[in-house]
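Just so it is clear, the structure is predicted and the values come from calculations on it, not from any experiment.
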Amino acid sequence: MNTDMSVLKEVDWGAILPLIIPVLALHLLLLVVALVDLYRRRGMVNRPIIWLIVIVLLNTVGPISYLIIGRRMVKNDRRSSCK
């Protein structure tokens with residue numbers, strides 16, 4: 001395995017950055033949207049601390065899984081009061 005950091009000097013960053021920037025922007029957008037939603041719904045979401053850890057530590061998969069699964073997992077007392 002090559003661990004020589006001098007290889008980074010030889011990379012053509014001008015060719016790579018147009019590919020990397022949209023991916024990083026999407027990742028940052030997903031992270032921010034999931035964290036803001038979790039903060040706003042913290043009283044309604046089951047185990048908000050666990051979801052916070054999942055969102056932050058699991059990179060792109062964490063925010064997507066929260067937005068798909070976590071938002072549906074509402075505490076029972078909130079669901080029954082909405083009827």
Side-chain angles (χ1 to χ4, degrees):
M1 181 174 194
N2 186 4
T3 56
D4 186 15
M5 297 300 284
S6 65
V7 175
L8 293 175
K9 294 177 184 175
E10 300 170 8
V11 173
D12 183 14
W13 292 105
I16 294 176
L17 282 180
L19 301 172
I20 293 176
I21 289 176
V23 172
L24 290 177
L26 179 64
H27 172 69
L28 184 63
L29 179 68
L30 276 171
L31 184 66
V32 168
V33 167
L35 289 174
V36 167
D37 186 71
L38 179 64
Y39 178 75
R40 288 183 179 168
R41 299 169 47 107
R42 68 187 175 275
M44 296 170 34
V45 175
N46 285 329
R47 300 178 186 93
I49 300 298
I50 303 279
W51 279 113
L52 176 68
I53 293 169
V54 167
I55 290 169
V56 172
L57 294 182
L58 292 182
N59 292 327
T60 305
V61 175
I64 291 172
S65 61
Y66 167 73
L67 292 171
I68 293 173
I69 300 168
R71 294 189 76 211
R72 294 183 185 170
M73 298 176 66
V74 179
K75 290 183 180 177
N76 290 336
D77 57 344
R78 295 284 185 168
R79 226 184 262 173
S80 60
S81 66
C82 293
K83 291 181 180 179

| request: Begin from the C-alpha positions of Asn46 and Trp51 and carry the test side-chain contact (heavy atoms from CB on, under 4.5 Å) through to its verdict. | output: CA-CA 8 Å; Asn46 285 329; Trp51 279 113; 5.6 Å; no
| Atom pair CZ (Arg40) and CE (Met44), whose distance is rounded to the nearest 0.5 Å |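 These two atoms lie 12.5 Å from each other.
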| task | Evaluate the side-chain proximity of Val23 to Leu19: yes if any heavy-atom separation is below 4.5 Å, no if none is. | result |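 Side chain of Leu19 against side chain of Val23, heavy atoms only: no contact under 4.5 Å found.
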| query | Are any non-hydrogen side-chain atoms of Arg71 and Asp37 less than 4.5 angstrom apart? | reply |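 Of all side-chain heavy-atom pairs linking Asp37 with Arg71, at least one is under 4.5 Å.
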Are [X] and [Y] connected in the hydrophobic side-chain network, where two residues link if heavy atoms are under 4.5 Å apart?
| X | Y | answer |
| --- | --- | --- |
| Ile49 | Leu57 | yes |
| Leu29 | Leu58 | yes |
| Ile69 | Ile64 | yes |
| Leu24 | Leu8 | yes |
| Ile20 | Val11 | yes |

| said: Taking atom CZ as the centre, does Arg42 end up with more than 12 heavy-atom neighbours from other residues, nucleotides or ligands that are less than 6.0 angstrom away? | reply: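 Count over threshold, so yes.
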| message | Exactly one of Val45, Leu35, Leu52, Val33 should register a side-chain contact (heavy atoms from CB on, under 4.5 Å) with Tyr66. Which one does? | response | Val45
| What residue among Leu30, Ile55, Leu38 forms side-chain contact (heavy atoms from CB on, under 4.5 Å) with Leu67? | Leu30
| request: Measure across Val54 and Ser65 and return the closest heavy-atom pair with its distance rounded to 0.1 Å. | output: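 What the structure gives for the nearest pair is CG1-OG, 3.9 Å.
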